[in-house]
Every structure is written in structure tokens, then in C-alpha cells.
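Step one of this worksheet: look at the structure below.
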Amino acid sequence: MLEIKNLHATVDDREILKGISLTINPGEVHAIMGPNGSGKSTLAGVLSGRDLYAVTEGEVLYEGKNLLEMPPEERAQEGLLLSFQYPVEIPGVSNIYFLKAALNAKRKHHGEPEMDAMDFLLLVKDKIKKVNLDEAMLHRSVNEGFSGGEKKRNEVFHLSVLEPKLAILDETDSGLDIDALRVVADNINALRDGKRSFLVITHYQRLLEYIVPDYVHVLVDGRIVRSGGKELALELEQTGYKFEQEAARA
Amino acid sequence: MSTPTRTVEELANREYEFGFITDVEAESVPPGLNEDVIRLISAKKNEPDFLLEWRLKAYRHWLTMEEPKWQNVHYPPINYQEVIYYSAPKAKGDQPKSLDEIDPEILKTYEKLGIPIQEQEMLAGVVAVDAVFDSVSVATTFKAKLNEMGIIFCSFSEAAQEHPELIRKYLGTVVPTNDNYFAALNSAVFSDGSFVYIPKGVRCPMELSTYFRINAKNTGQFERTLIIADAGSYVSYLEGCTAPMRDENQLHAAVVELIAHDDATIKYSTVQNWYPGDKEGKGGIYNFVTKRGKCEGRNSKISWTQVETGSAITWKYPSCILKGDNSVGEFYSVAVTANYQQADTGTKMIHIGKNTRSTIVAKGISAGHAQSTYRGAVKILSGADGARNYSQCDSILIGDQCGAHTFPYIDVQNPTAQVEHEASTSKIGEDQIFYCNQRGISSEDAVSMIVNGFCKEVFRELPMEFAVEAQKLLSVSLEGSVG
């Protein structure tokens with residue numbers, strides 16, 4: 001599904017990612033954990049096509065294709081979606097209109113006709129209910145005036161409508177109270193179907209209690225310093241990142 | 001990887017779709033302006049004497065006036081002696097009497113523009129069209145049907161022949177000949193335009209529409225439109241404009257006068273798409289237009305809706321004089337400027353009668369190196385008890401090389417008046433574009449979606465078929481200019 005080989009990336013000529021290699025197979029859930037400033041969000045940005053980053057070395061294959069050559073919208077149409085750490089407000093554009101444009105862009109890309117308006121309405125009404133958001137949010141401008149928790153749930157709502165093949169969740173747990181966290185996790189778990197893959201980026205182990213990963217990787221100073229199973233997350237919760245950080249520096 | 005910044009610039013570099021030149025034989029007067037040229041224009045149109053006198057009076061006044069300099073636009077001085085003040089497609093014999101007599105080249109032009117001039121094709125439609133090509137009105141469709149209801153919809157020249165009493169009574173009553181420099185010039189040399197009269201109590205059953213096209217080189221277009229809605233009547237009028245791509249700047253100085261009597265409503269919608277000049281700012285139309293409506297009667301209403309995407313320079317303030325008690329004035333505007341376009345546009349609402357109300361919603365969109373200015377005046381005179389105004393002007397910037405400016409003037413002379421003014425400026429952010437990209441939406445579609453969302457309140461005011469056209473035009477205007 002996704003193969004990252006020796007990825008180096010810079011921001012303003014400062015190297016943030018210093019050689020990351022990672023393979024995600026269909027159906028797998030990988031968690032990336034690490035302290036602030038370790039490069040977690042940079043990795044999400046590079047994979048989703050944000051132009052703030054310059055890739056200086058390495059390659060990324062997505063379903064066998066060179067991901068780094070694809071414009072961001074094509075990555076999304078091909079099923080690589082990012083749940084944003086800070087979802088963006090778009091005044092004047094309703095959530096439902098936005099999603100319809102997104103879904104139809106994907107369908108067009110795959111040579112499918114636009115979705116029937118009635119079918120679309122039924123679909124989004126069903127999905128928004130599942131993330132515990134009011135139906136009225138469909139007709140409000142995208143993320144405008146949404147609370148922090150509502151924005152995150154709206155991201156998960158977008159994912160559930162657009163059905164990615166690979167979803168990258170960037171700090172999806174931040175700003176959520178425990179009930180909202182459970183709702184978000186339940187919806188993500190509902191998307192796990194044995195084929196769809198997830199890259200879960202998080203600072204805390206808390207989210208991983210609800211979305212149980214197959215693999216956990218520890219990112220420190222732009223490198224993966226340790227990889228292991230779900231138990232690694234628990235271990236980190238107890239020891240913190242200090243040990244890993246010292247090891248990285250040594 | 002495509003960078004949003006680059007795409008911003010690309011979107012700003014849009015192409016002009018209507019830049020073709022039609023090859024018809026034209027009859028023009030030599031460039032330059034003097035009393036003889038005016039006499040010639042008047043004679044060509046076989047005008048009644050009072051109209052020639054009126055023109056000459058305007059011309060003599062114009063000579064004493066100076067071109068206004070207060071607007072926030074910059075252009076080299078115009079040499080008014082180099083402009084051709086009259087150009088008409090050469091008629092075989094007289095004025096065309098039916099569509100069959102119109103030069104097929106002109107008909108082809110209108111087809112390219114998508115104007116259904118052919119009456120037979122119009123049977124299914126709901127729009128009656130008057131088409132003005134350079135200086136003359138070429139054809140007015142659906143005239144017979146409107147005639148039955150007593151509605152007069154014809155070219156201005158024809159009205160001067162057939163209804164001189166109406167012209168004499170109303171012409172210049174809203175925009176006097178000495179109103180401003182460009183209005184005075186127009187009054188002296190205006191060549192054609194549309195005339196509409198809706199009799200008492202009649203609701204015009206279809207949208208009336210005029211398409212203006214400047215074709216001939218070095219030609220100025222000076223049309224004059226006069227619309228009168230008698231007591232209790234209603235009319236919705238649409239105006240569209242295009243011009244070929246030429247390297248020289250072309251002058252367009254029109255005057256539109258609207259008069260609404262008791263309980264009458266006039267809705268005037270414009271989609272202005274004159275040639276804006278090329279990417280480097282060469283060529284394009286100078287659009288210096290005076291549009292004003294007078295709510296003469298009680299409970300009358302005048303509503304201006306404009307979508308301005310063209311012209312190198314736009315200088316235009318469709319206004320309302322709210323004289324009748326309880327009369328209502330509205331102004332809804334979207335002004336798009338890209339590349340090196342400059343627009344200084346807005347409105348004036350003059351409250352004279354009691355309980356008069358006005359609403360102003362102005363949306364400015366700037367991309368590329370464009371400068372967009374909103375200039376609006378709200379004046380509440382001392383007799384306007386209970387007058388109310390609400391103004392909202394919002395600007396959106398695409399890229400970081402354009403500008404948006406707002407100059408509101410508020411003058412309140414009555415303590416019972418309520419005046420509200422809101423303004424905002426925002427930028428289409430790269431994070432917004434990226435967010436759309438990351439949901440599969442291309443940068444171009446993202447900008448068009450965001451801009452359309454921004455203009456929603458104005459588009460809502462346009463008649464259906466025009467709203468669709470306006471949205472399309474907006475996408476075309478900003479094509480290649482994402483931001």
C-alpha cells in the first residue's frame with residue numbers, strides 16, 4: 001500500500017525528516033508516536049502533498065506509484081486522505097456542498113458518473129449521525145465556528161463519506177474530551193475492513209487504547225528509533241520519550 | 001508538486017473569451033469631436049430638433065468641465081479628439097426592418113456570444129433582447145408581443161422618432177447633462193441604447209435584455225438607456241456587454257436613467273464583461289458609466305445588481321434617489337478584478353422621502369496585480385424621517401500583489417435615521433486551497449467554490465439564467481489565477 005524509503009525532507013532548508021523508512025500493507029494500522037518537534041506532522045504533510053516541505057532524498061511509493069510526483073488532489077482522489085490536526089475554515093462554502101464536490105472529484109477521476117443528489121443526501125445524513133454531529137452542520141460553512149471537538153469529528157465524517165484507502169490521522173485525538181474521543185475512535189474502527197490502512201500520528205498513548213494499532217513506531221529527531229507492536233505504546237507511556245531521545249542523540 | 005502560490009498567479013492570468021472581431025462594413029464619422037460631429041450624429045438618426053439642442057447644450061457644458069481625478073484608478077490621459085464617436089454597421093439602404101435584413105456577420109457575432117437574437121429560437125425563451133452593436137441598435141426581439149400590453153421596448157433612436165414626448169419628458173431628469181464629465185460627454189454624443197416604458201399597472205411578463213458590443217476600432221460606445229416604470233408596474237431588465245480584444249484602450253461612457261413611479265419596481269441587472277486588457281495590462285475598455293435611478297413615487301423600488309468582471313478600468317456607481325416616501329433602493333455588486341484591472345465602483349443612496357430604506361451589499365474580488373475600490377455614499381437628508389440604510393462591503397484577495405480599498409461616505413442630517421456599515425477583507429489562504437486539494441478538489445475548483453460562496457448573497461439577486469452565466473463568468477475570469 002505505502003512504501004517509504006529513506007525519506008529526507010526540509011523546511012526552509014532545515015532538515016526535519018532524516019531518513020524514514022516504513023512499509024504499510026493493506027489493512028494495517030500503524031501508529032507514529034514521538035515528542036513535539038520530532039517530525040510527525042512533517043511526515044503527514046509530505047505524504048499528503050503540502051508544498052511547505054522539500055523532499056531532498058528518498059522515495060515514497062503508493063500502490064506502486066511514485067507518490068511524490070502526484071499533486072495533492074490526485075493523492076486524495078487515489079484514496080490517500082489526511083485528517084487534519086488543525087482543520088481549516090472555509091467561509092461561504094457549506095459542508096455538504098464541499099463534500100459533494102470532493103466526492104464527485106474522486107468519482108470523476110475514476111471515470112464514474114456524479115452521485116445522484118438524493119443518494120448523496122441520504123449517505124451524508126447517515127454518516128453525520130454516526131459521528132454525533134447535528135445534521136444542521138451539513139449546511140454550515142466548512143468548519144466555520146465549529147468547536148475544536150466538532151472540527152475533529154467533522155474530519156472523521158469527511159473520511160467516512162470519502163472512504164480512503166489510506167487514512168492519515170494527524171493528532172486526531174488532540175482537543176477531544178473522553179466521550180468525543182470514543183465517538184471518533186468508534187467511527188475509525190468502523191472503517192477498518194481488513195483492506196483499508198491507517199497511519200495514526202499521536203503524541204499520547206490514550207488514542208491507541210481505542211484504535212489499537214498493529215505496529216507502533218517511535219519518531220525522534222526525524223528518524224524512527226524503535227518499532228514494535230501495540231505494547232510499545234504502553235511502555236512509552238510509562239517511560240516517556242526521554243530514553244529514546246537520549247538514544248537518538250548518542 | 002504544484003504550489004498553490006504558483007496556481008494563484010496562473011488563475012490571475014485568465015484569457016478573454018469574447019475577443020473576436022467581426023468583419024462588417026461600418027460607416028463611421030471621422031475621429032474627433034465638435035459641434036458638426038454632433039449635428040451629424042443627430043442628423044443620421046433623424047432626431048427631433050429638441051434633442052439636437054439638448055446634445056449641443058451638453059457639449060457646450062462639457063467643454064467647460066474637467067475630467068474627474070478623485071477616483072482611485074490610474075491611466076494615461078485620454079485624447080478625446082482621437083475617439084470615433086459614431087460607427088454603425090453599414091445598412092443596405094435604410095434601417096433594417098426585419099432580422100432578415102441584418103448583416104449575417106453580425107448575427108453570427110451574437111450567436112458566438114450566445115445571444116438568442118433569432119426570434120423563432122426565442123419562442124421557448126423568456127427574454128426579449130435589444131442588441132446594440134457599436135453605435136446602433138441592431139434588433140429588438142419580441143417587440144410585437146410586448147406592444148400588445150402597451151410596453152415599449154425599443155432602441156433609443158426609435159423612441160426618439162416614435163415617442164418624442166416621453167423622451168422629452170424624462171431624458172436627463174435623473175442624470176442631468178451637466179451631472180459629471182462623462183455624463184455630459186455621453187449626452188452630447190450618445191448614439192443609441194435602449195428605451196423601456198412600462199404602462200400603469202403592467203407587470204412585464206419577461207426579462208428585457210440588452211447586449212452591448214463594441215466592435216469597430218478606436219470607437220467609443222456611448223449608449224443611453226432610459227427606463228420608465230409607471231405607477232404599479234414591474235420590470236426586470238438585464239444588460240450584458242463584450243468587446244473584441246484590441247491593443248488600444250477603448251472608451252465606453254454610458255448613461256442609464258431609471259424612473260419608478262408610485263408602487264413601481266425596476267430591477268436592473270448587469271453582467272459586464274468588456275475586454276479587460278491582456279496579462280500585461282495592455283488594451284481593454286475604459287468603462288466610465290453613470291447609472292442612476294429615481295424612486296419618484298411612494299412605495300417604489302429600484303434594485304441594481306451588477307457583476308463586473310471586465311474592463312481595464314471601471315468607474316461606476318449605480319445609485320438611487322429615494323424621493324418617494326417608503327421607497328426602497330438596493331445595490332448588490334460583485335466586482336472581479338484580475339491581472340492589471342482597476343475598478344472604482346460602488347453606489348450612492350440618497351434618502352429624501354420618509355421611511356426610505358436602502359441596502360448595499362458589495363463584494364470585491366482582486367487577483368493578480370488588480371486594484372479594487374469600493375466607494376459608496378449614503379446621504380440622509382433632513383426630511384427623511386425614519387430612513388434606514390444597511391451597508392456591507394467585503395473584499396477578498398487572491399495572491400499578495402493585489403489590493404482592495406473601501407471608501408464609505410456617510411452623511412446623516414436627520415436624527416431618526418439608522419445607518420449601519422459593515423466591512424471585511426479576507427484572503428483566500430493557501431491552507432484553504434490545500435485543505436480542498438487534500439479532499440480531492442483542484443485548486444481552480446477550490447477558488448471558484450470559495451469565491452462563489454463569497455458572492456452568494458449577490459448571485460441570489462440575479463434572475464436565474466443570469467446567475468448561472470455570472471457563476472460561469474466568475475470561474476472564467478479567475479481561471480488560471482487560483483489563490
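- Note: B:Arg439 leads B:Lys456, B:Arg439, B:Gln432 in heavy-atom pairs under 4.5 Å with chain A.
- The CD atom of B:Glu444 lies 10.5 Å from the CD atom of A:Glu73; values are rounded to the nearest 0.5 Å.
- Checked by atom type, the side-chain pair A:Asn143/B:Tyr435 shows a donor-acceptor distance below 3.5 Å.
- Among all heavy-atom pairs drawn from A:Ala76 and B:Gly440, the shortest one is CB-N, 3.3 Å.
- Atom OG of B:Ser442 is separated from atom NE2 of A:His109 by 12.5 Å, given to the nearest 0.5 angstrom.
- The number of heavy atoms from other shown groups lying within 6.0 Å of OH (A:Tyr97) does not exceed 12.
- If you measure heavy-atom distances from A:Leu80 to chain B, the contacts under 4.5 Å come from both the backbone and the side chain.
- The parts of A:Leu82 that come within reach of chain B are both its backbone and its side chain, each placing non-hydrogen atoms under 4.5 angstrom from that chain.
- Sparse packing is recorded around CZ of B:Arg388, with 12 or fewer heavy atoms of other residues, nucleotides or ligands lying under 6.0 Å away.
- Neither the backbone nor the side chain of A:Glu78 comes within less than 4.5 Å of any heavy atom of chain B.
- Side-chain contact check for B:Ile441 versus A:Phe98: some heavy-atom pair is nearer than 4.5 Å.
- With a 4.5 Å cut-off on side-chain heavy atoms, B:Asp431 and A:Arg50 count as touching.
- Judged purely by atom type and a 3.5 angstrom limit, B:Gln438 has no side-chain atom pairing as donor or acceptor with the backbone of A:Arg75.
- Of all heavy-atom pairs between A:Ser48 and B:Phe434, the closest is OG-CZ, 3.5 Å.
- Counting non-hydrogen atoms of neighbouring residues, nucleotides and ligands closer than 6.0 angstrom, the CG atom of A:Asp12 reaches no more than 12 such neighbours.
- Residue contact with chain A, scored on non-hydrogen atoms closer than 4.5 Å, involves the backbone and the side chain of B:Cys436 alike.
- For B:Arg357, the CZ atom is loosely surrounded, since the number of other residues' heavy atoms within 6.0 Å does not exceed 12.
- No more than 12 heavy-atom neighbours from other residues, nucleotides or ligands sit within 6.0 angstrom of OH on A:Tyr86.
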